[in-house]
Amino acid sequence: QSVLTQPPSVSGAPGQRVTISCTGSSSNIGAGFDVHWYQQLPGTAPKLLIYSNTNRPSGVPDRFSGSKSGASASLAITGLQAEDEADYYCQSYDSSLSGYVFGTGTKVTVL
Amino acid sequence: EVQLVQSGAEVKKPGESLKISCKGSGYSFTTYWIGWVRQMPGKGLEWMGIIYPDDSDTRYSPSFQGQVTISADKSINTAYLQWRSLKASDTAMYYCVRRGIGVVNAIPVWYFDLWGRGTPVTVSS
């Protein structure tokens with residue numbers, strides 16, 4: 001079972017803004033460990049989307065942004081596009097498990 | 001090109017053994033940790049473990065400790081994931097990942113910056 005909880009799905013019309021939450025605890029996000037986000041397009045391997053809470057790797061559009069507060073983090077997609085339809089996962093480190101953890105994953109649907 | 005190339009699809013029977021591979025190229029293989037991630041059909045990502053190829057220092061997720069073996073051969077830039085006795089519940093896609101390093105506000109940070117395409121493993125009688 002994942003220790004990072006995400007909503008199973010979110011949806012929005014093209015051009016809208018959607019947000020995905022990632023809720024952890026005092027042994028992972030709340031302990032100060034960074035949160036990273038990955039995008040998994042259908043039938044492909046995941047790809048790094050946001051690292052260290054708020055940073056975008058080169059090539060990632062600026063409509064993707066991340067934030068972190070307390071034991072939670074969020075991914076926002078502004079100006080939603082059809083190509084953003086994918087699964088999104090948050091990831092952090094957990095000191096109780098002494099290892100990395102992924103979120104439960106969120107499917108983004110573009111209406 | 002910087003990439004992780006994984007071995008091909010596998011179809012096995014319960015009880016059989018299996019070793020899949022992940023070859024790194026285009027970067028210094030021995031200076032980055034390589035991890036393995038499981039994705040069962042229709043499910044999310046699960047971190048299995050990680051290895052430092054230079055000295056084979058290995059860490060496992062508690063969920064996978066004793067169930068699999070992670071190893072590496074730095075002479076051929078390859079990491080491995082191995083099972084001694086497969087079960088039907090091992091049916092999944094397995095990704096190898098590189099733990100990259102960056103700097104944010106002068107502080108080193110680590111994240112999975114490079115992913116292989118995945119090796120599908122099917123275990124069925």
Side-chain angles (χ1 to χ4, degrees), chain A residues 1-9 20 22 27-29 32-60 66-68 73 75 86-107, chain B residues 2-6 9 22 32-52 57-68 70 92-120:
Chain A
Q1 307 88 311
S2 176
V3 298
L4 303 181
T5 302
Q6 301 178 228
S9 64
I20 300 169
C22 174
S27 62
N28 41 69
I29 301 174
F33 294 107
D34 283 343
V35 177
H36 317 295
W37 292 89
Y38 303 87
Q39 177 194 57
Q40 186 175 31
L41 296 168
T44 70
K47 179 189 94 168
L48 180 66
L49 192 68
I50 296 286
Y51 68 92
S52 298
N53 312 313
T54 61
N55 300 274
R56 284 185 309 275
S58 61
V60 173
S67 63
K68 176 188 165 187
L75 174 71
D87 294 322
Y88 293 82
Y89 296 90
C90 59
Q91 178 256 310
S92 187
Y93 182 87
D94 191 281
S95 58
S96 295
L97 299 173
S98 296
Y100 298 96
V101 289
F102 285 97
T104 49
T106 299
K107 182 174 181 60
Chain B
V2 176
Q3 59 182 346
L4 295 172
V5 178
Q6 298 190 231
C22 168
Y32 290 83
W33 289 77
I34 293 289
W36 289 94
V37 175
R38 182 176 79 174
Q39 187 169 38
M40 299 176 76
K43 302 298 184 183
L45 305 174
E46 301 172 89
W47 179 73
M48 302 176 71
I50 198 165
I51 188 166
Y52 191 63
D57 184 8
T58 308
R59 319 283 168 83
Y60 292 94
S61 161
S63 298
F64 292 93
Q65 179 82 48
Q67 308 304 307
V68 297
I70 295 171
M93 180 71 84
Y94 293 88
Y95 296 101
C96 63
V97 297
R98 185 181 77 170
R99 193 188 78 165
I101 183 169
V103 177
V104 176
N105 298 327
I107 298 172
V109 293
W110 297 271
Y111 40 81
F112 300 133
D113 67 339
L114 184 65
W115 293 66
R117 289 192 172 187
T119 295

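Throughout, protein chains are lettered first and strands after them, A, B, ... in sequence-line order, and every chain is numbered starting at 1.
Proximity to chain B (any heavy atom under 4.5 Å) is shown, for A/Ser92, by neither the backbone nor the side chain. With a 4.5 Å cut-off on non-hydrogen atoms, B/Val37 touches chain A through its side chain but not through its backbone. With a 4.5 angstrom heavy-atom cutoff, B/Ile107 does not touch chain A via any of its atoms. A/Tyr93 does not touch chain B: none of its heavy atoms, backbone or side chain, sits under 4.5 Å away. In this structure, the portion of B/Arg117 lying under 4.5 Å from any heavy atom of chain A is its backbone and not its side chain.
Taking CG from B/Leu45 and CG from A/Asp87, the interatomic distance works out to 8.5 Å, rounded to the nearest 0.5 Å. Separating the CZ atom in A/Phe102 from the CD atom in B/Gln39 is a distance of 9.5 Å, to the nearest 0.5 Å.
The shortest distance between side-chain heavy atoms of A/Tyr100 and B/Arg99 falls below 4.5 Å. Inter-residue side-chain proximity for B/Tyr95 and A/Gln40 is flagged as met; some heavy-atom pair is nearer than 4.5 Å.
Listed by sequence position, B/Val109, B/Trp110, B/Tyr111, B/Phe112, B/Asp113, B/Trp115, B/Gly116 are the residues of residues 108-116 of chain B in contact with chain A, using a 4.5 angstrom heavy-atom cutoff.
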